[in-house]
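One structure below.
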Amino acid sequence: MVDIHIHTSFSPDAVGKMENYILKAIELGMKTIGFSEHINLDLEYYKMLEGNTDIEAYFQEILRLKKVYGDKIKILFGGEVGFDKKIEKQAEELIAKYPFDYIINSIHLVSGEDAWLMPFYKDRTKKEAYDLYLDNVYESLCANYEFNTVGHIGYVIRRAPYDDISMTIREFGDKLDKIFKKVIELDVAIEINTKASKTLRFLPTVEILERYFELGGRKITYGSDSHDTNRLLDGYEEVKNFLLAHGITETLSFENGKEIYNKI
Ligand SMILES: [Zn+2]
Ligand SMILES: [Zn+2]
């Protein structure tokens, strides 16, 4: 059981204390835990909203807790970069400055607009909003920084206010194929993220994941995207059963960027 998408109180929108996550993980019998604080560098947007992760403080706490709990559990130092063309250079510099074990590359801002908030959807049809989002995901794969897994593909489905929120292969297959072909070419993973919504078990959706497998994709990371300790490993069993049913027996984690395969 390896969960590598976790936010602690170092992320501006999360509350769980890192040490409490570690204690819970040890209690649950986890051998590895991966933290992935937000790296949102679009200051114009985020500073006024909620501030940013203090990466130095985050790193120091990782070092401290590794000393305390390192013999009981492997603690990984990751980051979730919110890709945005404007901050690509800054992200590259920050990633180079710290010894991250891995980077999750995610889209939260779509062409500068926050896809978590309703104005993004207001004047767009589903087709327009999803197409734009998927174009941004593809652009994020061409980022000039290195990353190890692609966060929550299909993110817009979590928040879309449309009657029919589905992102079907029939409608969006071309763009999804382009994304998956690039993922496979880059030899990175995609994430199964269980912070979905009431109607979704996880992201990407089953149909989209099956398309990834069909195209030859095999590399999967699992992330609860916890913002508090109570969601650690949330939905893990369901993801595990889904993966086993599709012949995938391992999920990936990363140490110093190096792939580690974990039997599920
Ligand atoms: Zn995210
Ligand atoms: Zn996240």
Side-chain angles (χ1 to χ4, degrees), residues 2-18 21 25 33-42 45-46 49-55 58 62 76-84 87-88 91 94-95 100-117 120 129-130 133-134 136-141 143 145 147-160 167 179 183 188-197 200 202-205 208 220-236 239 251-254:
V2 178
D3 187 344
I4 68 161
H5 193 148
I6 296 171
H7 300 279
T8 78
S9 53
F10 286 106
S11 284
D13 61 348
V15 293
K17 287 266 171 296
M18 192 183 288
Y21 275 107
I33 184 167
F35 295 99
S36 59
E37 308 295 2
H38 283 299
I39 302 177
N40 288 325
L41 296 168
D42 188 343
Y45 182 78
Y46 280 102
L49 184 77
E50 55 189 8
N52 283 282
T53 303
D54 179 343
I55 301 290
Y58 165 39
I62 287 273
L76 302 176
F77 174 55
E80 180 186 20
V81 174
F83 174 83
D84 186 4
I87 55 83
E88 203 178 355
L94 184 78
I95 291 166
F100 287 105
D101 286 306
Y102 63 94
I103 294 294
I104 302 172
N105 203 16
S106 294
I107 288 288
H108 303 119
L109 295 185
V110 175
S111 301
E113 282 182 71
D114 195 337
W116 190 253
L117 304 176
F120 174 71
Y130 286 15
Y133 163 75
L134 291 169
N136 272 247
V137 173
Y138 184 79
E139 199 182 1
S140 76
L141 302 178
Y145 51 82
F147 56 91
N148 307 90
T149 188
V150 186
H152 47 59
I153 292 174
Y155 178 75
V156 282
I157 308 172
R158 275 188 193 165
R159 298 289 285 174
M167 183 184 278
I179 288 167
V183 163
V188 293
I190 66 166
E191 165 189 82
I192 298 186
N193 183 305
T194 55
K195 181 174 179 242
S197 67
L200 283 171
F202 43 70
L203 283 173
T205 57
I208 294 175
I220 294 283
T221 60
Y222 157 77
S224 63
D225 207 346
S226 290
H227 286 61
D228 201 354
T229 47
N230 60 355
R231 287 202 58 253
L232 182 65
L233 283 185
D234 193 32
Y236 178 81
V239 171
T251 63
L252 285 170
S253 58
F254 308 90

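The structure presented is a predicted model; accordingly, all values stated were derived computationally and were not measured. Each ligand, and each atom within it, is numbered from 1 in the order the structure gives. Hydrogens, waters and symmetry mates play no part in the numbers below; they use all other heavy atoms, side chains included.
At a cut-off of 2.8 Å, His38 is not counted among the residues with an N, O or S atom near the Zn ion (ligand 1). Using a cut-off of 2.8 Å, one finds that Asp225 contributes no N/O/S atom close to the Zn ion (ligand 1). Distance check for His152 against the Zn ion (ligand 1): an N/O/S atom falls below 2.8 Å.
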What's the verdict on side-chain hydrogen bond (donor to acceptor under 3.5 Å, both in side chains) for Glu191 and Thr221, showing C-alpha distance, side-chain angles and the deciding distance? CA-CA 5 Å; Glu191 165 189 82; Thr221 60; 4.8 Å; no
Quick one, Tyr130 with Ile157, criterion side-chain contact (heavy atoms from CB on, under 4.5 Å). Give me CA distance, side-chain angles, the key distance, then yes/no. CA-CA 8 Å; Tyr130 286 15; Ile157 308 172; 4.1 Å; yes
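Centred on the Zn ion (ligand 2), the angle running from His5 (NE2) to Glu80 (OE1) is recorded as 90°, rounding to 10°.
Aromatic ring pairs are classed by plane angle as parallel below 30°, tilted from 30° to 60° and perpendicular above 60°; the pair His7 and His227 is tilted.
Results of the side chain to side chain contact (heavy atoms under 4.5 Å, CB included) test with Phe202 over Val239, Asp225, Asp234, Asn193 single out Val239 as the only residue that passes.
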